[in-house]
Amino acid sequence: MNGDLCAHEELAVGWALHSLEPDEEAVARDHVQTCDTCQRTVQATQEVLAGIGGAVPEEQPPPRLRAKLMEQIEHIPQEVPAAQHTPRHAAPIPLRPQHRRRTGRVLLAAAAALAVLAGAGYLGVRVNQLSNQVTASEARTNDLNKALSLAADPATNRAVLRTSSGKEVAVVLSNPTSAAVLPSNLKPNDSGHVYVVWGASTKAPVPLAVFDVRAGSTDPQLLAWSSDAHKHTTFAVSLEPGRQAPPKPSEVLAGGQVAPA
């Protein structure tokens, strides 16, 4: 089933909570297998329950709450069979179907309320996590758009940085007001190191900007840039300890000359 709404979502929640009657459980099991909406509902419910289980300390309920619960259970209507045919060790008497369903709905509602109350902190954390993910995604998209604009700018220069063996590891895009580096074969750096872009057109290399390479990412990294940095016709890159560029590179990893983009 496609779409954002499904009439069986309540059953999907009950199925995830294991609170359905056998006939309802059979319907839910068959339906969930073919409904994307209910599959997402089941997964979300299980995630909330897992979070509650790990985040909420186990505590014994107050004695009066237990007594109240037992009192409510005792008042659940039951269907009593004819007395003359009742064996001495009779099997437990089942609830009538309408009472079973009503009881199941009550249990389902109670479980949902408990999930909301106990999982409030967990859900708040999840909302913050999702918000951070959205913010990071928007920032990444913004950086990609800026890099594309930079590459399309006629004033942009392009320098392919290669190792001494000729292996391409990065590309530097530079114009008078902005720049970016596109890593391709640079190893991810940890928080105790930083990559440095050097201007190598002068007698002594000049540190121009720093950037990081994240594991599994080849996204362009925007650089803090200036018109003086753009004047360089040769660039190099090094990996340095700390989080700031040193006066001179410890070891140049790769370098390359500028050509029009």
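Residues take their numbers from the sequence shown, with the count starting at 1. What you see below is based on every heavy atom in this structure, not just the backbone, and it leaves out hydrogens, waters and symmetry mates.
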Tell me, which pairs form a side-chain hydrogen bond (donor to acceptor under 3.5 Å, both in side chains) where one or both residues lie in residues 166-177, sequence neighbours left out? D153-N175, S174-W225, S174-H230, N175-T177, N175-S178
side-chain hydrogen bond (donor to acceptor under 3.5 Å, both in side chains) with R243: which residues, sequence neighbours excluded? D212
Quick check for you: to the nearest 0.5 Å, what is the distance between [X] atom [atom1] and [Y] atom [atom2]?
X	Y	atom1	atom2	result
E24	W15	CD	CH2	14.0 Å
N185	L161	CG	CG	11.5 Å
Q221	Y195	CD	OH	11.5 Å
Q33	C38	CD	SG	12.0 Å
L173	L182	CG	CG	5.5 Å

Same apolar cluster: [X] and [Y], side chain cutoff 4.5 Å:
X	Y	value
V210	V169	no
L222	V213	no
V258	L208	yes

Might you point out which heavy atoms bring [X] and [Y] nearest each other, and give the distance in Å?
X	Y	value
P183	D219	CD-O, 3.6 Å
E240	W198	OE2-CZ2, 4.1 Å
S201	T234	OG-N, 2.9 Å
A28	L20	CB-CD1, 3.7 Å
A12	V42	O-CG2, 3.6 Å
A159	F235	CB-CD1, 3.9 Å

T41 pairs by side chain to side chain contact (heavy atoms under 4.5 Å, CB included) with which of V32, D36, V13, L11? V13
Given V194, L186, N189, the one that forms side chain to side chain contact (heavy atoms under 4.5 Å, CB included) with F211: L186
Quick one: hydrophobic cluster around L148, which other residues, with the 4.5 Å side-chain cut-off, linked directly or via members? none
Mind running side chain to side chain contact (heavy atoms under 4.5 Å, CB included) on V181 and L223 for me, showing each step along the way? CA-CA 7 Å; V181 60; L223 306 176; 4.0 Å; yes
Determine, step by step, whether V27 and R29 satisfy the side chain to side chain contact (heavy atoms under 4.5 Å, CB included) criterion, reporting the C-alpha distance in whole Å, the side-chain angles of both residues, the deciding distance to 0.1 Å, and the verdict. CA-CA 6 Å; V27 172; R29 181 176 60 249; over 6 Å; no
Just wondering, do P246 and V196 contact through their side chains at under 4.5 Å, heavy atoms? yes
With distance as the sole test, does S217 use its side chain to make a donor-acceptor pair with the main-chain N or O of R214 at under 3.5 Å? no
Under the side chain to side chain contact (heavy atoms under 4.5 Å, CB included) criterion, do R158 and V171 qualify, and how do the steps go? CA-CA 7 Å; R158 175 175 177 269; V171 175; 3.8 Å; yes
Residues K146, D143: salt bridge by 4.0 Å N-O rule: no
Could you verify whether a donor N or O on one side chain and an acceptor N or O on the other, from E251 and S238, lie under 3.5 Å apart? no
